[in-house]
Student: 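Structure below; questions to follow.
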Amino acid sequence: MTRTRIAPSPTGVDIHVGTVATALMNWAWAKKNQGQFVVRIEDTDRTRLVAGGEQKMLSTLNRLGLIPDESPELGGPYGPYRQSERLPLYKKYAEELIAKGKAYYCICTPERLVKMRKEQQVRKQIPKYDRYCYFHQKEVVEKVKGGESYVVRLLMPDKPITFSDIVRGKIVINGKDLDDQVLLKSDGFPTYHLAVVVDDYLMKIDYVIRAEEWLPSTPKHIIIYEALGWPLPFFAHVSLLRNPDKSKLSKRKNPVWASWYLDQGILPAAFLNYLALMGWSHPEGKDIFSLDEYVKVFDLKDVQKTAPIFDPVKLEWMNGEYIRQSQNANLKTQILKFYGNNLPADIVEKTIPLIKERIKKLADYLPLAEFFFKRPEKYDIDLSGKKEVLKAMAETVSAISDWQAEVIGEKMQVLATKLEVKNSEFFMMLRVAISGKKITPPLNESMAILGKDESLQRLKRLL
Ligand code: GLU
């Protein structure tokens, strides 16, 4: 049974785009192998918690359709799925590690640790805990029993730690270079390192697919697994997303929260399709494919090490492709929903064929189509000196009995010729008079949708 997970910390206002990319791989790998995809919330760093962050992350995952099989909201057989609710477990395993001689109590004060680091710096040594409490463990235990505040540290063995990463190959790190990691903090909360191992083991996670930034932590995790006699999961550390200029994805360059893109009217399917291409390519080189197809052809061993570029411009392009390929009825529903069901459905329906080729995201719809619902309040071109032409236009409109795009186009063309106004100029005037804008969907079709009365009213208003 394949069980995968993401373990986000609610330290932001929403889920990060990079976490969604990792979630997608985890989700696909679980689906592909008829397994389960778990969401666990790692909320042990209490100082960095963002109120509402957890809920928002879970709801964004739902909006995207990356529905977990087990999560804090859904529960499941290995819960609770929020680390802050699992504290006794971490304490139990920390004590087990101590009993096995693999970890120890430490009561060093922050002041002592600062002083020690400074001295190490002066001596140009690797900054590492000097094991003072390990060497005085007997006295330390007495003090702990007496109620002194303590942390639990892992005793890093002095040996090379070797493991094989599905994406990055064989990794060798010398344990001697690693610090005696704190596993349990003085407030009783575990650090990430202890909690992640305990939970991945107890939740029966066998594939740990996560961002490369956790690769340096993995040797510490392996030591904990070994110390507790637990089998190792498979590890796959996927590369972090980059901006097009190769810098790390950060709020300063592009929005990093997934819901920002959804709120712009990026379709979930397009978003996931684009993210699927981060560090992986379709075996046939396809850009566009369904989620079902992705699950079928995705393989963890094909994930590449090179840093994937997350380019919002390409994402928009892809979304435009999805919009063009949507069924009209489906696109109508999406647009209505996007605008909170505040637009008249019958008009939206009529405008779909006109705008489908012209928008890249749902938020492009209203700026382009607003004039269907509202008379213009301002005009891109000053038409005040064009009364004669506008009057003739109004007369022509009122004389059209068969109100259809083609007929409108023909009659207007005849008028332009008769008035000896250049076509481009004539139709620009008409466009701006009707819509207020220089850029609109095709004019004749738009007027056909607006109706004869409304088109006439708009011309007359200007007169
Ligand atoms: N809590 C870590 C994070 O926020 C999870 C790392 C992991 O997947 O092990 O990304």
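Everything numeric in this text was worked out from a predicted model, so none of it was measured. These values consider heavy atoms only, across backbone and side chains, with no hydrogens, waters or symmetry-generated copies.
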Student: Identify the two heavy atoms, one from F37 and one from L66, that lie closest to each other, and give their separation to 0.1 Å.
Tutor: CE2-O, 4.1 Å

Student: Is E96 paired with K92 through a side-chain N to carboxylate O contact shorter than 4.0 Å?
Tutor: no

Student: Do any N or O atoms from the side chain of K356 and from the backbone of S326 form a donor-acceptor pair under 3.5 angstrom?
Tutor: yes

Student: Name the residue from T351, I352, D346 that meets the side chain to side chain contact (heavy atoms under 4.5 Å, CB included) definition with K332.
Tutor: I352

Student: Is it the case that E70 and Y81 place a side-chain donor and acceptor less than 3.5 Å from each other?
Tutor: yes

Student: Within the side chain of D200, is there an N or O that forms a donor-acceptor pair under 3.5 Å with the backbone of I205?
Tutor: no

Student: Check the pair D45 / R48 against side-chain contact (heavy atoms from CB on, under 4.5 Å), numbers first and verdict last.
Tutor: CA-CA 6 Å; D45 188 349; R48 293 179 58 218; 3.1 Å; yes

Student: What I want to find out is whether D69 reaches K31 closely enough, with some N-O distance under 4.0 Å, to be called a salt bridge.
Tutor: yes

Student: For H282, which of F298, Y294, F289 qualifies under ring-ring contact (aromatic ring centres under 6.0 Å, His included)?
Tutor: F289

Student: Can you list the steps and then say if Y90 with D199 is a side chain to side chain donor-acceptor pair (under 3.5 Å)?
Tutor: CA-CA 9 Å; Y90 310 125; D199 289 346; 2.6 Å; yes

Student: Is the shortest distance from a Lys or Arg side-chain nitrogen in K115 or E111 to a carboxylate oxygen in the other one below 4.0 Å?
Tutor: no

Student: Would you say the side-chain atoms of N273 pair up with the backbone N or O of D287, donor to acceptor, closer than 3.5 Å?
Tutor: yes

Student: Establish, yes or no, whether the cationic atom of R112 lies under 6.0 Å from the six-membered ring centre of Y132 and within 45° of the ring axis.
Tutor: yes

Student: Quick one: side-chain contact (heavy atoms from CB on, under 4.5 Å) partners of Y339, sequence neighbours excluded?
Tutor: I335, L343, Y365, L366, P367

Student: With no hydrogens and no angle check, do the side chains of Q181 and K220 hold a donor and an acceptor under 3.5 Å apart?
Tutor: yes

Student: Which distance, rounded to the nearest 0.5 Å, do you find between the CG of L61 and the CD1 of I67?
Tutor: 8.0 Å

Student: If the test is salt bridge (charged side-chain N to carboxylate O under 4.0 Å, His left out), which one of K128, K102, R131, R153 qualifies with D180?
Tutor: R131

Student: Salt-bridge test for E42 and R40: reply yes if a basic N is under 4.0 Å from a carboxylate O, no otherwise.
Tutor: yes

Student: For the residue pair R168 / T218, report whether a side-chain donor-acceptor contact shorter than 3.5 Å exists.
Tutor: no

Student: Ignoring hydrogens and angles, tell me if any N or O in the side chain of S435 forms a donor-acceptor pair with the backbone of K437 under 3.5 Å.
Tutor: yes

Student: Regarding D245 and S247, do their side chains bring together a donor and an acceptor under 3.5 Å, going by distance alone?
Tutor: yes

Student: Evaluate the side-chain contact (heavy atoms from CB on, under 4.5 Å) criterion for residues I209 and V167: first the C-alpha distance (whole Å), next the side-chain angles of each, then the deciding distance (0.1 Å), finally the verdict.
Tutor: CA-CA 9 Å; I209 307 165; V167 179; over 6 Å; no

Student: Indicate the atoms forming the closest heavy-atom contact of F189 with R46, along with that distance.
Tutor: CE2-CD, 3.5 Å

Student: For a quick test of reading the model, state the closest non-hydrogen atom pair linking I309 to M278 and the distance between them.
Tutor: O-CE, 3.2 Å

Student: K360 side chain to E316 main-chain N or O, any donor-acceptor pair under 3.5 Å?
Tutor: no

Student: Between the main-chain N or O of K170 and the side-chain N or O of S164, is there a donor-acceptor pair closer than 3.5 Å?
Tutor: no

Student: So how far is it from K32 NZ to T4 OG1, rounded to the nearest 0.5 Å?
Tutor: 13.5 Å

Student: Verify the distance criterion only: is there a donor paired with an acceptor across the side chains of Y274 and D311 at less than 3.5 Å?
Tutor: no

Student: Is E321 reaching over with its side chain to a backbone N or O of I288, donor-acceptor style, under 3.5 angstrom?
Tutor: no

Student: How far apart are the C-alpha atoms of Y322 and W317, what are their side-chain angles, what is the distance that settles it, and do they pass the ring pair (Phe, Tyr, Trp, His ring centres under 6.0 Å) test?
Tutor: CA-CA 9 Å; Y322 267 80; W317 165 80; 9.5 Å; no

Student: May I ask you to decide if S186's main-chain N or O and S149's side chain share a donor-acceptor pair within less than 3.5 Å?
Tutor: no

Student: Does Q137 reach the main-chain N or O of C133 with its side chain, forming a donor-acceptor pair under 3.5 Å?
Tutor: yes

Student: In sequence, state the C-alpha distance, the side-chain angles, and the governing distance for F163 and Y225, and then conclude on ring pair (Phe, Tyr, Trp, His ring centres under 6.0 Å).
Tutor: CA-CA 12 Å; F163 67 100; Y225 277 103; over 10 Å; no

Student: How about T306 and R242: does a side-chain donor come under 3.5 Å of a side-chain acceptor?
Tutor: no

Student: Closest heavy-atom contact between M156 and D179?
Tutor: CG-O, 3.1 Å

Student: Could you check whether the rings of Y134 and Y104 sit parallel, tilted or perpendicular, using 30° and 60° as the cut-offs?
Tutor: tilted

Student: Under 3.5 Å, side-chain donor or acceptor atoms of residues 49-60 against the rest of the protein: list the pairs with distances, not counting sequence neighbours.
Tutor:
unit_1: E54; atom_1: OE1; unit_2: R82; atom_2: NE; d: 2.9
unit_1: E54; atom_1: OE2; unit_2: R82; atom_2: NE; d: 3.0
unit_1: E54; atom_1: OE2; unit_2: R82; atom_2: NH2; d: 2.7
unit_1: S59; atom_1: OG; unit_2: K56; atom_2: O; d: 3.4
unit_1: T60; atom_1: OG1; unit_2: D14; atom_2: OD1; d: 2.7
unit_1: T60; atom_1: OG1; unit_2: K56; atom_2: O; d: 2.9

